2 protein chains.
Amino acid sequence: MYNDNHYQYKDVKMRCQRAKGQGPFWPSNGCGARMTAPRQAIFRTLHEMEGHPTVDEIFAKLRLQFPGIGLATLYRNLELLRSNGHVSAFDSGDGKLRYELRQKAERPGHHHHLVCRSCHQIIDYMNFENEELELVKKLEVHLVQKYKYQVTDHDITFYGTCPNCSTERA
Amino acid sequence: MYNDNHYQYKDVKMRCQRAKGQGPFWPSNGCGARMTAPRQAIFRTLHEMEGHPTVDEIFAKLRLQFPGIGLATLYRNLELLRSNGHVSAFDSGDGKLRYELRQKAERPGHHHHLVCRSCHQIIDYMNFENEELELVKKLEVHLVQKYKYQVTDHDITFYGTCPNCSTERA
DNA sequence: TTAACTGCAAACACTTTGCATAGAT
DNA sequence: ATCTATGCAAAGTGTTTGCAGTTAA
């Protein structure tokens with residue numbers, strides 16, 4: 001049973017996950033995905049969170065608003081969102097997946113990550129110029145030609161040691 | 001007990017993991033790391049393997065040469081090697097870590113990854129020109145200045161669908 | 001009305017840890 | 001002689017799955 005039902009639907013468009021070429025949006029499109037209160041709460045929580053929360057961080061916050069929700073529901077929805085492209089999953093090296101809304105509003109420019117190998121802090125950066133975009137485009141075209149991959153996205157991550165961890169060791 | 005002892009030490013230089021500024025190399029440097037038969041076999045196996053094997057793939061091959069070795073030993077050594085920088089760990093998105101010798105010989109040029117979101121196949125590519133190197137350098141300098149990170153390395157990954165998985169879905 | 005979704009708990013897969021023993025230096 | 005590494009098994013951790021009941025459409 002859903003323990004809490006006071007959230008209203010948002011204008012969330014969820015692409016159909018099962019068939020291609022079918023009506024692409026939720027709700028009532030015949031592709032199966034339904035908007036429920038727990039799912040609604042998950043969207044809401046993700047929108048409210050900053051950074052790259054882990055599943056348990058999301059779950060903790062979620063439970064404040066929606067006490068009865070189960071962890072499995074969160075996992076199932078995150079996977080659904082990921083496969084729909086609404087959310088991206090990211091492994092910072094500590095074994096826990098971290099999630100992030102792909103577009104909090106309307107594609108605010110993609111960013112990349114700067115990860116501390118020691119404490120797993122993650123910094124976003126988005127200092128890309130045309131230069132980067134050109135290079136990436138070039139690489140993509142090359143990869144498509146050479147390997148016949150349909151490239152959908154990319155990820156650039158720098159690893160290192162954050163100021164805190166540097167001074168700790170020094 | 002070590003069940004197999006017919007491997008000889010190699011000229012593997014393992015950086016000390018515990019203190020900085022101390023004698024940096026193994027063996028007999030006082031930093032604690034010792035070369036043992038199982039460890040030797042792990043090095044050897046990694047050298048022999050292509051691609052980005054998972055732990056169980058490494059373990060399977062390892063057992064052929066060194067039947068008595070324990071899985072925990074492999075994990076412990078991979079972590080040691082990773083922290084020493086001899087090996088890099090990489091998550092392709094299927095939840096299993098994949099390992100790769102950082103330098104099979106003498107830094108043969110780093111490569112990046114092209115990952116299939118569907119079957120998790122990984123292709124290496126190394127088509128980087130000066131262009132890329134310059135861009136990356138520029139970004140690194142920027143990141144160091146702005147965030148005070150000591151950047152040690154980076155990773156560029158393209159995601160998409162491989163030819164096999166594309167045709168399967170079509 | 002029916003097919004999707006949920007919560008719970010049990011199962012899972014991968015990794016880490018405790019401990020007594022073996023081994024490198 | 002000392003202190004690290006090993007193998008085994010048990011514990012841990014994060015994630016997935018089976019199921020009976022609930023709910024969106």
Side-chain angles (χ1 to χ4, degrees), chain A residues 1-5 7-9 12 14 16-18 23 25-43 53-60 62-63 66-83 89 91-99, chain B residues 1-5 7-9 14 16-18 23 26-43 53-60 62-63 66-83 89 91-99:
Chain A
M1 77 301 266
Y2 306 156
N3 314 33
D4 187 332
N5 210 5
Y7 296 114
Q8 297 160 358
Y9 295 171
V12 174
M14 182 184 291
C16 174
Q17 71 204 5
R18 292 185 299 175
F25 295 118
W26 170 92
S28 281
N29 60 348
C31 83
R34 297 173 182 176
M35 184 48 86
T36 61
R39 182 163 292 169
Q40 173 62 29
I42 289 169
F43 273 116
T54 56
V55 174
D56 45 309
E57 286 165 352
I58 299 168
F59 191 60
L62 196 50
R63 278 232 144 158
F66 207 109
I69 200 166
L71 186 52
T73 299
L74 176 56
Y75 274 106
R76 280 186 285 232
N77 276 284
L78 286 174
E79 170 51 26
L80 176 63
L81 290 171
R82 197 200 55 72
S83 74
D91 189 319
S92 71
D94 59 355
K96 305 178 191 177
L97 285 177
R98 288 154 186 280
Y99 290 86
Chain B
M1 79 300 266
Y2 306 158
N3 316 33
D4 187 332
N5 210 5
Y7 297 115
Q8 298 158 358
Y9 295 170
M14 182 184 290
C16 176
Q17 70 204 9
R18 292 187 297 174
W26 172 91
S28 280
N29 60 349
C31 84
R34 297 173 181 177
M35 184 47 86
T36 62
R39 183 163 292 169
Q40 172 62 31
I42 289 169
F43 273 116
T54 57
V55 174
D56 45 308
E57 286 166 351
I58 300 168
F59 190 60
L62 196 50
R63 278 231 145 158
F66 206 108
I69 200 167
L71 186 53
T73 300
L74 176 56
Y75 274 106
R76 279 185 284 231
N77 276 283
L78 286 174
E79 170 52 25
L80 176 62
L81 290 171
R82 198 200 54 73
S83 74
D91 189 318
S92 71
D94 59 355
K96 304 176 193 179
L97 286 177
R98 288 154 187 279
Y99 290 87

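Chain letters run A, B, ... following the sequence lines, proteins first, then strands; residues in each count from 1. Keep in mind that this is a model prediction, so the values were computed, not measured.
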Asks: Would you mind reading off the distance between A:Asn77 atom CG and D:dT16 atom P, rounded to a whole angstrom?
Replies: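 Interatomic distance, CG of A:Asn77 to P of D:dT16: 13 Å.
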Asks: CZ of B:Phe59 versus C1' of C:dT16: gap in Å, rounded?
Replies: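 Distance, rounded to whole Å: 15 Å.
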Asks: Rounded to the nearest Å, what distance is computed from the CG atom of residue A:Leu81 to the C1' atom of nucleotide C:dC5?
Replies: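 Spelled out: CG on A:Leu81 to C1' on C:dC5 is 14 Å.
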Asks: Starting from P on C:dT6, measure out to CD1 on A:Ile42 and report it in whole angstrom.
Replies: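 Between P of C:dT6 and CD1 of A:Ile42: 7 Å.
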Asks: Which nucleotide in the set D:dT6, C:dT25, D:dA9 lies at the smallest distance from any side-chain heavy atom of B:Ala72?
Replies: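 Selected nucleotide (nearest to the side chain): D:dA9.
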Asks: Looking at A:Tyr75, does any N or O in its side chain come under 4.0 Å of the phosphate oxygens OP1/OP2 on D:dT15?
Replies: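 Yes, within the criterion.
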Asks: Expressed in angstrom and rounded to an integer, what is the separation of A:Arg76 atom CZ from D:dT15 atom C1'?
Replies: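 Answer to the nearest Å: 11 Å.
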Asks: Taking the side chain of B:Pro38 as heavy atoms from C-beta outward, which of D:dT15, C:dT6, D:dT6 is closest to it?
Replies: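 Looking only at heavy atoms from C-beta outward on B:Pro38, the closest nucleotide is D:dT6.
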Asks: What is the minimum heavy-atom distance between B:Phe66 and B:Ala41, and which atoms define it?
Replies: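 Taking every non-hydrogen atom into account, CD1-CB, 3.5 Å.
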Asks: Whole Å only: how far is the CZ atom of A:Phe66 from the C1' atom of C:dC8?
Replies: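 Going from CZ in A:Phe66 over to C1' in C:dC8 covers 15 Å.
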Asks: At under 4.0 Å, does any side-chain N or O of A:Thr73 touch on OP1 or OP2 of C:dG7?
Replies: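 True: A:Thr73 side-chain N/O within range (under 4.0 Å) of C:dG7 OP1/OP2.
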Asks: For the residue pair B:Arg34 and B:Arg39, what are the closest heavy atoms and their distance?
Replies: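 So the minimum-distance heavy-atom pair works out to O-NH1, 2.6 Å.
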Asks: Find the bend of the helix from C:dT1-D:dA25 to C:dT25-D:dA1 as the angle between its two terminal axes (five pairs each), to the nearest 10°.
Replies: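 The end-segment axes of the helix from C:dT1-D:dA25 to C:dT25-D:dA1 are tilted 40° relative to each other.
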Asks: Counting only side-chain heavy atoms from C-beta out, which of D:dT15, D:dA5, D:dC8 sits nearest to B:Arg34?
Replies: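 The closest nucleotide is D:dA5.
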Asks: Write down the distance between CG (A:Leu78) and P (D:dT15), rounded to a whole number of angstrom.
Replies: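 Interatomic distance, CG of A:Leu78 to P of D:dT15: 9 Å.
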Asks: So which nucleotide from D:dG7, C:dG7, D:dT15 ends up closest to the side chain of A:Ile69?
Replies: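 Minimum distance to the A:Ile69 side chain belongs to C:dG7.
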Asks: Shortest non-hydrogen contact from B:Ile69 to B:Arg63?
Replies: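 B:Ile69 and B:Arg63 have their closest heavy atoms at O-NH2, 2.8 Å.
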Asks: Looking at every heavy atom in both A:Ile42 and A:Leu62, which two are closest together, and how far apart are they?
Replies: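 For A:Ile42 and A:Leu62, the tightest heavy-atom pair comes out as CG1-CD2, 3.6 Å.
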Asks: What is the minimum heavy-atom distance between B:Tyr99 and B:Val55, and which atoms define it?
Replies: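 Minimum heavy-atom separation between B:Tyr99 and B:Val55: CE1-CG2, 3.6 Å.
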Asks: For DNA chain D, whose closest nucleotide is more 5', that of B:Gly70 or that of A:Lys96?
Replies: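 Looking at DNA chain D, the more 5' nearest nucleotide goes with B:Gly70.
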Asks: Flag the pair B:Glu79 and B:Arg76 as a salt bridge only when some basic side-chain nitrogen lies within less than 4.0 angstrom of an acidic carboxylate oxygen.
Replies: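 Salt bridge between B:Glu79 and B:Arg76, a charged N being under 4.0 Å from a carboxylate O: no.
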Asks: To the nearest Å, how far apart are A:Leu74 CG and C:dC5 P?
Replies: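 Value for this atom pair: 15 Å.
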Asks: Determine whether a donor-acceptor pair (one donor, one acceptor, N or O, separation below 3.5 Å) exists between the side chain of B:Arg39 and the base of C:dG23.
Replies: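 Absent.
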Asks: Please name the pair of heavy atoms, one in A:Met35 and one in A:Gln40, separated by the smallest distance, quoted to 0.1 Å.
Replies: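 Reported closest heavy-atom pair: SD-N, 3.7 Å.
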Asks: Give a yes/no answer on whether the side chain of B:Thr36 brings an N or O atom under 4.0 Å of OP1 or OP2 in D:dT4.
Replies: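 Looking at the OP1 and OP2 atoms of D:dT4, neither is under 4.0 Å from any side-chain N or O of B:Thr36.
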